[in-house]
K.L.:
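Submitted below is the structure of interest, expressed as structure tokens.
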There are 2 protein chains.
Amino acid sequence: MDIENTVSFLLAKISVAHRNLTENAAKAAGLHSGQAFVLVELWKEDGQRQIDLALKLGLSPPTVNKILGGLLENDFATRERYEDDARSTRIFLTRKGREVRADLEEQWKLLEERTLGGLTETEAILLHQLLTKLLVDLI
Amino acid sequence: MDIENTVSFLLAKISVAHRNLTENAAKAAGLHSGQAFVLVELWKEDGQRQIDLALKLGLSPPTVNKILGGLLENDFATRERYEDDARSTRIFLTRKGREVRADLEEQWKLLEERTLGGLTETEAILLHQLLTKLLVDLI
DNA sequence: TTTTATTTATTAGCCTGCTAATGATAAATT
DNA sequence: AATTTATCATTAGCAGGCTAATAAATAAAA
């Protein structure tokens, strides 16, 4: 078993390198990468409960909770008690949280170009298809 | 710019999911994932300096330093001063560090099967090629 | 030779992930 | 109705990453 010659090994290496790029992209928009992913989810549907965010993001509730701490602290979102269930809270975007979207999307475009820069168009499409399939399998 | 429809977004999602699987694989061999990657490097060449490990692994020196702390503490490796340069240290495998290899390789094989289980042989090969190219570009 | 610059390891502190454990609330069972 | 079980948010604590800052030693330059 040659560990280094596996897809798993490649994925691990790519993860670290790409995560650094992602962090830079988010930083250029005034965010951290984790905050960016939560915002993407809130842009799709505002006012979600933390547990639903965690489920949709594929993250643990404590992780989401921690990320939300940063978003609240930096005024990208607010937390309100859920009327129908006192255990839950709902997360709402602030104006700042809504307006950072354009900025992040621009930075994400640059990130994508950086990521795929060395591949041909055909390779990029193929990679996208394969990763989509891989993600479905991993979940 | 639809962030969710990018390779970068897919990579981020896959990273989290796959990292959890990797951690489990390492755990089954009595390791943490970071320790596994350092050991892979030491199995190729024993007695390396920390800075060289960091360079080859594509990690920052503090990260390697922290991971080594766990490896030393758990008796997988030892740290010795470098005779020719008092700034450096050399990391050597212990017997335990050498013997855990077979175990990790077995677990890694299972990890790889889990990772690629949903893909055909052709897709797996294609993915391996594309990821190899991607990694080279990202570094 | 003396000074300056570079390199190496390390520490501190942060973000992203996780699991385990708590407390509060809601739901289900008896 | 009372008890038990499940759910949700949160805290604590850990590993894997990072940058910035420090101390010590080497290398380079004056």
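Below, chains carry the letters A, B, ... as their sequence lines are ordered, and counting in each starts from 1.
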K.L.:
With a 4.5 Å cut-off on side-chain heavy-atom distances among I, L, V, M, F, W and Y, is there a chain of contacts connecting A/Val7 to A/Met1?
P.N.:
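Linked, A/Val7 and A/Met1 end up in one cluster.
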K.L.:
To the nearest angstrom, how far is B/Tyr82 atom OH from D/dT26 atom P?
P.N.:
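Taking OH of B/Tyr82 and P of D/dT26, I get 12 Å after rounding.
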K.L.:
Please confirm whether the shortest side-chain N or O distance from A/Arg79 to OP1 or OP2 of D/dT10 is below 4.0 Å.
P.N.:
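So the side-chain polar atoms of A/Arg79 do come within 4.0 Å of the phosphate oxygens OP1 or OP2 of D/dT10, strictly under.
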K.L.:
Rounded to whole angstroms, how far apart are CG on A/Asp84 and C1' on D/dA9?
P.N.:
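Checked: the CG to C1' distance equals 17 Å.
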K.L.:
Under 4.5 Å between side-chain heavy atoms, hopping through other hydrophobics if needed: is there a path connecting B/Ile139 to B/Val40?
P.N.:
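Yes: a chain of side-chain contacts under 4.5 Å links B/Ile139 to B/Val40.
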K.L.:
Write down the distance between CD1 (A/Ile67) and P (D/dA9), rounded to a whole number of angstrom.
P.N.:
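After rounding, the gap between these two atoms is 14 Å.
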K.L.:
Taking the minimum atom-to-atom distance to the side chain of A/Arg19, which one of C/dT25, D/dG16, C/dA20 wins?
P.N.:
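That would be D/dG16.
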K.L.:
Below the 4.0 Å mark, does D/dT10 have OP1 or OP2 next to a side-chain nitrogen or oxygen of A/Gln50?
P.N.:
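Yes, such a contact exists.
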K.L.:
Within the structure shown, what part of the strands sits under 4.0 Å from A/Gly69 by heavy-atom distance: base, sugar-phosphate, or nothing?
P.N.:
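A/Gly69: no heavy atom of the nucleic acid under 4.0 Å.
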K.L.:
Any chain of hydrophobic side-chain contacts (each under 4.5 Å) joining B/Leu57 to A/Val16?
P.N.:
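Yes, because B/Leu57 and A/Val16 connect within a single hydrophobic cluster, where side-chain heavy atoms sit under 4.5 Å apart.
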K.L.:
In whole angstroms, how far is the P atom of C/dG17 from the NE2 atom of A/His32?
P.N.:
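Distance, rounded to whole Å: 12 Å.
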K.L.:
Looking just at side-chain N and O atoms, do B/Thr115 and A/Ser8 make a donor-acceptor pair shorter than 3.5 Å?
P.N.:
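Indeed, the side chains of B/Thr115 and A/Ser8 share at least one donor-acceptor pair under 3.5 Å.
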K.L.:
Between A/Gln48 (CD) and D/dA9 (P), how many Å, whole number?
P.N.:
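In whole Å, D/dA9 P lies 11 Å from A/Gln48 CD.
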K.L.:
Looking at A/Lys96, A/Arg101, A/Arg95, which one forms a salt bridge (Lys or Arg N to Asp or Glu O under 4.0 Å) with A/Glu99?
P.N.:
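The salt bridge (Lys or Arg N to Asp or Glu O under 4.0 Å) with A/Glu99 is passed solely by A/Arg95 among A/Lys96, A/Arg101, A/Arg95.
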K.L.:
Ignoring the backbone of B/Lys66, work out which of C/dT19, C/dT16, D/dC18 is nearest its side chain.
P.N.:
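Closest nucleotide to the B/Lys66 side chain: D/dC18.
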K.L.:
For D/dG17 and B/Ser60 - does any side-chain N or O of the residue sit under 4.0 Å from the phosphate oxygens OP1/OP2?
P.N.:
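Looking at the OP1 and OP2 atoms of D/dG17, neither is under 4.0 Å from any side-chain N or O of B/Ser60.
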K.L.:
Side chain of B/Thr89, heavy atoms from C-beta onward: which of C/dA9, D/dA9, D/dA15 has the nearest atom to it?
P.N.:
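Minimum distance to the B/Thr89 side chain belongs to C/dA9.
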K.L.:
From the options C/dC18, D/dA9, D/dG16, select the nucleotide whose nearest atom is closest to the side chain of A/Asn65.
P.N.:
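It is D/dA9.
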K.L.:
Both A/Thr63 and B/Asp52 contact DNA chain C. Which one's nearest nucleotide lies toward the 5' end?
P.N.:
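Counting from the 5' end, the first nearest nucleotide belongs to B/Asp52.
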K.L.:
Over how many whole Å does the gap from A/Leu72 atom CG to D/dT10 atom P extend?
P.N.:
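Distance check: A/Leu72 CG to D/dT10 P gives 9 Å.
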K.L.:
As a test of reading the structure: which of D/dA25, C/dT16, C/dA24 is closest to the side chain of B/Asp85, going by heavy atoms?
P.N.:
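From the listed options, D/dA25 comes nearest.
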K.L.:
Measure the distance from CG on B/Leu53 to C1' on C/dT8 and round it to the nearest whole Å.
P.N.:
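One finds 13 Å between C1' of C/dT8 and CG of B/Leu53, rounded.
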K.L.:
Assuming nearest nucleotide by heavy-atom distance, tell me which of A/Lys27 and B/Gly34 is located more 5' along DNA chain D.
P.N.:
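Closest to the 5' end, via its nearest nucleotide, is B/Gly34.
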K.L.:
Rounding to a whole Å, what distance do you find between B/Asn20:CG and C/dT19:P?
P.N.:
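Atom CG in B/Asn20 sits about 7 Å away from atom P in C/dT19.
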K.L.:
How about CD on B/Glu121, more than 12 heavy atoms from neighbouring residues, nucleotides or ligands closer than 6.0 Å, or not?
P.N.:
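No.
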K.L.:
Given C/dA9, C/dT25, D/dT10, which nucleotide is nearest the side-chain atoms of A/Pro62?
P.N.:
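Among C/dA9, C/dT25, D/dT10, the one nearest the side chain of A/Pro62 is D/dT10.
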K.L.:
Would you please confirm or rule out a distance under 4.0 Å between OP1 or OP2 of D/dC8 and any side-chain N or O of A/Arg49?
P.N.:
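The answer is yes; a side-chain N or O of A/Arg49 sits under 4.0 Å from OP1 or OP2.
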